[in-house]
Amino acid sequence: METFLGRYRNITTLAVAIFAQLLLLGYQIHGDRDVRLIRVWGVTAITPVARVLHSSHGFVSGLFHRYVWLYDARRESDRLQAEVERLKLENQSLRNSLETSDRLKILASYQQQLPSRTLVAAVIGAGANPNSRVVFLDKGSHAGIQPGMAVLTPDGIVGKVQSVFPTSALVLLISDSYSAAGVLLEKTRVHGVMKGTGLSEARIDYIPNEEKVAVGERVYTSGEDRIYPKGLLVGTVSSVQPGRDFQNITVQPGARLNRLEEILVVTTGVHQDLPDSLPRPQAPQTLLPPPPPEVRDTFLDAVSPTAQAAPPAASSTPATTAGPDGYAPQTDADRLKKRYRDLGAAQGHVFGEGAPGSKPPDFNLGWTPPNQQRPAEQPKPPPVRQP
Amino acid sequence: MQASVKQLIEADINRLPVWISWGAVIGALLLQAYLPLFPSSSYANTVDLPLLITIYLALLRRSPIIGLLIGLGIGLGQDSLSHGPIGLYGIIKTVIGYVCSSLTLVLAVESLSTRLVLVLGLYFVHQAFFWSLQRVLLSQGAEFVWRRTLLLALLNCLIAGFVYRFLDRFRQRI
């Protein structure tokens, strides 16, 4: 037996090991029980190492993730920076679009207010000559633009079309030294000729020294040049100096000639009145207070023909008493109308039927001046000055 | 003559330090139980590291009894960390350890390629044995998928190449 076991020691050990484990399996499977001891051993042996590994993993993982996070943060920062730059450009583009939209709205509103027919065009360039004040438009003869047409903005006139090409047009600005326009001053309505100086301002010639021109006064087109319709704002007077025969007047153009973007080309000019933006000088107005009721009623009763025929007691009846037709005059105009109607009826005249040149009714029939009717005049109240 | 052969055989034995052996066993069990926890390493359970370590250690020990004991210990450890009955992997790895150690008596298993071929074949044996025990002892109708088993065998063979080359660095000639 010992020889057998010694000879087959290996296979015997294997058989014992397998048999023992089969018994263990059978014990667990048939008894539905767990061999907790072995499991506890295994878990106890592994768990501390697993805990250390888990902690190490947490540390390394945190370090790694921090590194990755930093790496991602760098990339995220770069991406966000690029995003910010892109959004800035987009924002600027949207702002430009918004401003363009606002300008076009203003332009469209101004275009509707203008009696002249206009065409919207955009400024696409300026002249190559630094001494000339010209701009190029994005529309030309194909759009109906012709040489000599006026160009303006809501802020004021810009210039006139100098040359026209199929798809573009050259506009000579009012600030150019070769530019001129007939203008009139707002307050004095005196006419003059505005000429460009090649600078940002223009000057007005032929305004006599005796004409009173104030700084800040608005200047409008006079329409005499047959280019700019009358009534368009040109600018404001920036300086006034007396000259030899005529005043030296400089005008600051209302249109921002150095920042033109969208403009209107007047295809069919229509003159218009100057806007009443400023109160015109006029004499002070006074309005007398209404006369006292007794004076007014007495006057109306005295001039009324029915009052002449009526007994004196009836003359004291207020004029506001309703007549036979039930109509009660309320105002002086009503009473006057009633008086005229009575006068017409008394003289057999029908208003509206008389031929031209026929004799009108005598509106002074039975009228007695108040000073003869009543020698004692009523004291007049002081006049009230109206602003 | 016999003594000289025995001396030659023992002279060819390379021993792994004990702490490396224990570390390899614990590490294999630990990784087998720990790696599948991570979503990024969900395929880690397809690699049977305890089997690879069992084969490696059993091939180092040219004693079938020690080989089966190595397999027994690693198998029971794997069972204890799993939810299945204890003894299932124990039986299989006991047999694997025994077979490996027995093979060292008739085969030269020092070469890495030989060991990888053994891994390839023993993985099949392991899976077939496991499938059989599942059906016979546990009455579980698991299906044996040859193609998947072959792919997993190749994968384990590949992993074994790296693991064995790493562990060979610690081997000491005695």
Side-chain angles (χ1 to χ4, degrees), chain A residues 2-69 71-72, chain B residues 22-23 25-35 37-38 40-41 50 58 61-102 105 129 133-134 136-140:
Chain A
E2 290 180 0
T3 308
F4 178 81
L5 291 178
R7 186 174 182 180
Y8 300 101
R9 186 182 58 180
N10 294 340
I11 194 73
T12 305
T13 310
L14 175 64
V16 170
I18 290 175
F19 185 71
Q21 291 181 87
L22 283 174
L23 285 179
L24 196 62
L25 279 174
Y27 171 76
Q28 294 171 84
I29 293 167
H30 289 285
D32 197 15
R33 281 168 288 195
D34 190 17
V35 186
R36 183 172 170 77
L37 187 61
I38 297 177
R39 211 176 287 278
V40 168
W41 286 350
V43 171
T44 305
I46 294 298
T47 302
V49 186
R51 190 175 292 117
V52 172
L53 185 65
H54 183 73
S55 302
S56 304
H57 171 264
F59 175 75
V60 174
S61 175
L63 201 64
F64 178 74
H65 280 293
R66 262 182 229 146
Y67 168 73
V68 171
W69 182 76
Y71 178 71
D72 287 346
Chain B
W22 279 103
V25 172
I26 293 176
L29 293 174
L30 195 64
L31 291 176
Q32 194 70 24
Y34 198 67
L35 283 182
L37 295 177
F38 300 98
S40 58
S41 57
R61 306 283 181 167
R62 300 191 175 186
S63 167
I65 293 178
I66 295 178
L68 75 88
L69 289 178
I70 289 173
L72 174 67
I74 293 177
L76 288 179
Q78 194 173 1
D79 282 330
S80 65
L81 295 176
S82 65
H83 66 281
I86 289 178
L88 195 60
Y89 278 108
I91 293 174
I92 300 169
K93 285 190 167 56
T94 300
V95 173
I96 294 293
Y98 179 83
V99 171
C100 285
S101 296
S102 301
L105 299 177
F129 207 169
L133 287 179
Q134 272 192 320
V136 174
L137 294 179
L138 306 179
S139 301
Q140 294 178 355

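These figures come from a predicted structure and were not determined experimentally. Reminder, nothing fancy here: chain letters follow the sequence lines and each chain counts from 1.
- Going from atom CG of B/Leu133 over to atom CD of A/Gln21 covers 10.0 Å, rounded to the nearest 0.5 Å.
- A side-chain contact (heavy atoms from CB on, under 4.5 Å) with A/Ile18 is found for exactly one of B/Val95, B/Leu68, B/Leu72, namely B/Val95.
- Nearest heavy atom pair, residue A/Leu14 against residue B/Tyr98, reads CD2-CD2, 3.4 Å.
- Ranked by heavy-atom pairs under 4.5 Å with chain A, the first of B/Ile26, B/Ile65, B/Leu29 is B/Ile65.
- For the atom pair CG (A/Leu25) and CG (B/Asp79), the distance works out to 7.5 Å, reported to the nearest 0.5 Å.
- If you measure heavy-atom distances from A/Leu23 to chain B, you find no contacts under 4.5 Å at all.
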